Asks: 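Right, I'll just put the structure down here and ask away after.
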Amino acid sequence: MLRVWCCVMLVAASAAGAVRVSDAALRTPVAVVDHAEPGATLRYVGTLRWLLGAGGDRSGAARLAVEAGYPAEVHRRVPTDDGYFLTALRLANPGKPVVLFTHGLMTNGAAWVSNLPHNDLAFMLYDAGFDVWVAHFRGTKDSLAHRYLSVHSQQYWDFSVTEYALYDLPAMLDLITANAGQRSVILVGHSEGASSALAMLSLLPRYADTVSLLVALAPSAYLQHSTQPVISFASKFHIVDTMKLLHITHFTGFEPIGSFVQGSVCHLMPRFCSVTMNAIAGWDLPNMNYTRTEVFVQAADTASTHHLAHLVQLYNTNRFGMFDYGPKINLRVYLSADAPLFPIGNVTTPVALFYGGKDCLVSKIDIEQNLLRVLRPATIVHRKFIPTWNHLDFMWSEGNVVFKEIVQLCVLWAENTTARRGQA
């Protein structure tokens, strides 16, 4: 009886806490495109989460887009080569240049459509004439399904930036080129969304012709000088090792009860939530629209312990490489006792680099003394340092001057790409 009561309370709490997402999403005119092969079987996180909307618009990204006045398509069950099924949001502008947005750890694609239209980069690029696509990486609310793995299994959660690079990003780019009628894509990535793009372009050079420009916003490739409290605390006290000993495979995005509490607290005390977010991302209170924090927190999502361990590895080693399992397992996985580095010095795709002075995760030193020393100088076509921005401002800044600069850059780049291909 207690178990039944707890389940009822979980459902009620989740429904109440997500009413601004799930209930409203059911009433919005959203086109849904299913990409699963006929007869494909999928496994979800479990009956409770499936009933609450896993694999649909659980993040609320489509609802946010529609409420802001933009067309929304939800592309569900996009298969990866290793068995995961992803979801993408499209703000359809058929025949126009394509831009793909990718997110970082502990967020999902809703982060890109959470701001007000006049200072939301995805909306601004749509208004500038782009066909906008937004990815939800594996393990997030809208991309929980797998062909044969249960998310209750450890194997399901054994992923990090490497798998984003080898499987998720290629699946998204293949989806777009097959459905948008365009041969090239501008990729806008934040944090792990940017570092995974660099990794993909270094490991899978065939996508260099597909990605015409990478707009890298605070790419989390080198973290030696990071002061982010979670990463530094996890490193100092070996938190990841403890989590693995306890078989904790992932930590959730504050749900189901947590999302209700979190959303309610941010609704009643938005300034408090803004301070908390700044403590995690870097102190920069004036730049964030704290009245939107109850919307921003809806983009909080689940992260794998394996992914956190990979970030701690980057922090400890100052090497942008694949996950280090130890010599014995490395030999089996990589055919080498050492975990390979991502050969990002081989990247030929043009990169526009943006980074902030108050970012406690991705420091100015790590960008300028580590990343820029490895990337080919010729690939850096645009570079912008914003002294007052923290890690979250690249998505949720109240000001739009930098966003306007990015939009102008993308417009000019798309025009030049079209002109070059017309001459070819």
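Not measured: the values here are computed from a predicted model.
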Asks: Can you tell me how the ring of H146 sits relative to the ring of Y156, calling it parallel under 30°, perpendicular over 60° and tilted otherwise?
Replies: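 Answer is perpendicular, since the angle exceeds 60°.
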
Asks: Search all heavy atoms of A72 against all heavy atoms of V66 and return the closest pair with its distance.
Replies: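 Closest heavy-atom pair between A72 and V66: CB-CG2, 3.8 Å.
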
Asks: Does N400 use its side chain to pair, donor to acceptor, with the backbone of H118 at less than 3.5 Å?
Replies: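 Confirmed, N400 side chain pairs with H118 backbone.
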
Asks: Name all residues meeting the side chain to side chain donor-acceptor pair (under 3.5 Å) criterion together with D120; count only those two or more places apart in sequence or in a different chain, and write none if there are none.
Replies: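 With sequence neighbours excluded, D120 shows a side chain to side chain donor-acceptor pair (under 3.5 Å) to no residue whatsoever.
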
Asks: I'd like to know if D34 pairs up with R77 as an ion pair, taking the criterion as any Lys NZ or Arg NE/NH1/NH2 lying under 4.0 Å from an Asp or Glu carboxylate oxygen.
Replies: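 Yes, this pair counts.
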
Asks: Could you report the tightest heavy-atom contact between G189 and A194, atom names first, then the distance?
Replies: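 In terms of heavy atoms, the two residues are closest at O-CB, 3.3 Å.
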
Asks: Tell me if a side-chain donor or acceptor on D142 pairs with a main-chain N or O of R58 at a distance below 3.5 Å.
Replies: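 Yes, the answer is positive, given that a donor and an acceptor are paired below the 3.5 Å cut-off.
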
Asks: Quick one: CE on M124 to SG on C410, what's the gap to the nearest 0.5 Å?
Replies: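 Rounded to the nearest 0.5 Å, the CE-SG separation comes to 10.5 Å.
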
Asks: Looking only at side chains, do Y355 and R383 share a donor and an acceptor under 3.5 Å apart?
Replies: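 Yes, a side-chain donor-acceptor pair sits under 3.5 Å.
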
Asks: Taking the side chain as every heavy atom from C-beta outward, state whether W413 and P350 have any atom pair closer than 4.5 Å.
Replies: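 A side-chain contact exists here, since the closest heavy-atom pair is under 4.5 Å.
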
Asks: Using the ring-ring contact (aromatic ring centres under 6.0 Å, His included) rule, pick out the option among F159, F323, Y325 that qualifies with H310.
Replies: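 The ring-ring contact (aromatic ring centres under 6.0 Å, His included) with H310 is passed solely by F323 among F159, F323, Y325.
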
Asks: Give a yes or no on this: more than 12 heavy atoms of other residues, nucleotides or ligands lie within 6.0 Å of atom CD of Q224.
Replies: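 Yes, enclosed.
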
Asks: How close do F320 and A221 get, heavy atom to heavy atom, and via which atoms?
Replies: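 Between these two residues, the closest heavy atoms are CD1-O, 3.4 Å.
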
Asks: Given the rule in the side-chain contact (heavy atoms from CB on, under 4.5 Å) test, do L213 and T417 qualify, once you have shown the distances and angles that lead to the verdict?
Replies: CA-CA 10 Å; L213 174 68; T417 299; over 6 Å; no

Asks: Check for a donor-acceptor pair, side chain of N179 on one end and backbone N or O of L175 on the other, with a separation under 3.5 Å.
Replies: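 Flag set: sc N179 to bb L175 pair under 3.5 Å.
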
Asks: Take V132 and N93, measure what side-chain contact (heavy atoms from CB on, under 4.5 Å) needs, and give me the verdict at the end.
Replies: CA-CA 7 Å; V132 176; N93 228 339; over 6 Å; no

Asks: So do M243 and F251 actually touch side chain to side chain, heavy atoms under 4.5 Å?
Replies: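 Yes; the side chains approach each other to less than 4.5 Å.
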
Asks: Rounded at 0.5 Å granularity, tell me how far CG in L201 sits from CG in L187.
Replies: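 Here the rounded value is 7.5 Å.
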
Asks: Using the benzene-type ring in the case of Trp, are the ring centres of Y126 and Y70 under 6.0 Å apart?
Replies: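 Yes: the rings meet the under 6.0 Å criterion.
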
Asks: With no hydrogens and no angle check, is any side-chain donor or acceptor of S397 less than 3.5 Å from a backbone partner on F394?
Replies: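 Pair absent, no side-chain N/O of S397 close to backbone of F394.
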
Asks: Is a donor from one side chain sitting under 3.5 angstrom from an acceptor on the other, for T249 and Q154?
Replies: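 No pair is found: no donor N or O on one side chain lies under 3.5 Å from an acceptor on the other.
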
Asks: Please confirm whether H190 and H391 have ring centers closer than 6.0 angstrom.
Replies: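 When the ring centroids of H190 and H391 are compared, they turn out to be within the sub-6.0 Å range.
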
Asks: Rounded to the nearest 0.5 Å, what separates atom CG in L361 from atom CG in L105?
Replies: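 With rounding to 0.5 Å, CG (L361) is 9.0 Å from CG (L105).
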
Asks: Is a side-chain donor or acceptor of S220 paired with a backbone partner of E192 at a separation under 3.5 angstrom?
Replies: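 Checking the backbone N and O of E192 against the side chain of S220, a donor-acceptor pair under 3.5 Å is found.
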
Asks: How about H382 and F354: are their ring centres within less than 6.0 Å of each other?
Replies: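 Distance test on ring centres: under 6.0 Å, yes.
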
Asks: Enter the distance from R138:CZ to Y167:OH here, rounded to the nearest 0.5 Å.
Replies: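 Output value for this atom pair is 8.0 Å.
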
Asks: According to salt bridge (charged side-chain N to carboxylate O under 4.0 Å, His left out), who are the partners of E73, at least two apart in sequence or on a separate chain?
Replies: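 Expected list: R90.
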
Asks: Relative to the ring of H250, is the ring of W157 parallel (under 30°), tilted (30 to 60°) or perpendicular (over 60°)?
Replies: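 Parallel.
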
Asks: So, taking the atom named CG in L214 and the one named OG1 in T102, what distance separates them when rounded to the nearest 0.5 Å?
Replies: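 L214 atom CG to T102 atom OG1 measures 8.0 Å (nearest 0.5 Å).
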
Asks: Count the heavy atoms belonging to other residues, nucleotides or ligands that lie under 6.0 Å from NZ of K384, then report whether that count exceeds 12.
Replies: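 No, because the 6.0 Å sphere around NZ of K384 holds 12 heavy atoms or fewer from other groups.
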
Asks: Do the rings of Y164 and F137 sit parallel, tilted or perpendicular, given the 30° and 60° boundaries?
Replies: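 If you compare the ring of Y164 with that of F137, the planes turn out parallel.
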
Asks: Is atom CD of E368 surrounded by more than 12 heavy atoms (other residues, nucleotides or ligands) closer than 6.0 Å?
Replies: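 Counting other residues, nucleotides and ligands, CD of E368 exceeds 12 neighbours.
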
Asks: Please confirm whether the ring centroid of W389 lies under 6.0 Å from the ring centroid of F403.
Replies: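 Between W389 and F403, the centre distance is under 6.0 Å.
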
Asks: Heavy atoms only: give me the nearest S196-A165 pair and the separation to one decimal.
Replies: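 Closest approach of S196 to A165: O-CB, 3.4 Å.
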
Asks: Without swapping roles, check the side chain of S143 against the backbone of H136 for a donor-acceptor pair under 3.5 Å.
Replies: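 Yes, the answer is positive, given that a donor and an acceptor are paired below the 3.5 Å cut-off.
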
Asks: Quick one: closest heavy-atom pair of V98 and S184, and the distance?
Replies: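 Nearest heavy atoms, V98 then S184: CB-O, 4.1 Å.
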
Asks: Using modelled atom types only, decide if a donor and an acceptor are shared between the side chain of D366 and the backbone of H225 within a distance under 3.5 Å.
Replies: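 Between the backbone of H225 and the side chain of D366 there is a qualifying donor-acceptor contact (under 3.5 Å).
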
Asks: If you compare all heavy atoms of L198 against all heavy atoms of V347, which two are closest, and at what distance to 0.1 Å?
Replies: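 Nearest pair, atom of L198 first, then V347: O-CG2, 3.7 Å.
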
Asks: Do D324 and Y334 have side-chain atoms, one donor and one acceptor, less than 3.5 Å apart?
Replies: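 Their side chains do not contain a donor-acceptor pair, so the 3.5 Å distance test is not met.
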
Asks: How long is the straight-line distance from CG of D241 back to OG1 of T305, given to the nearest 0.5 Å?
Replies: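 Interatomic distance, T305 OG1 to D241 CG, rounded to 0.5 Å: 11.0 Å.
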
Asks: Would you please test H103 and N108 for side chain to side chain donor-acceptor pair (under 3.5 Å) and show each step?
Replies: CA-CA 6 Å; H103 60 81; N108 55 51; over 6 Å; no

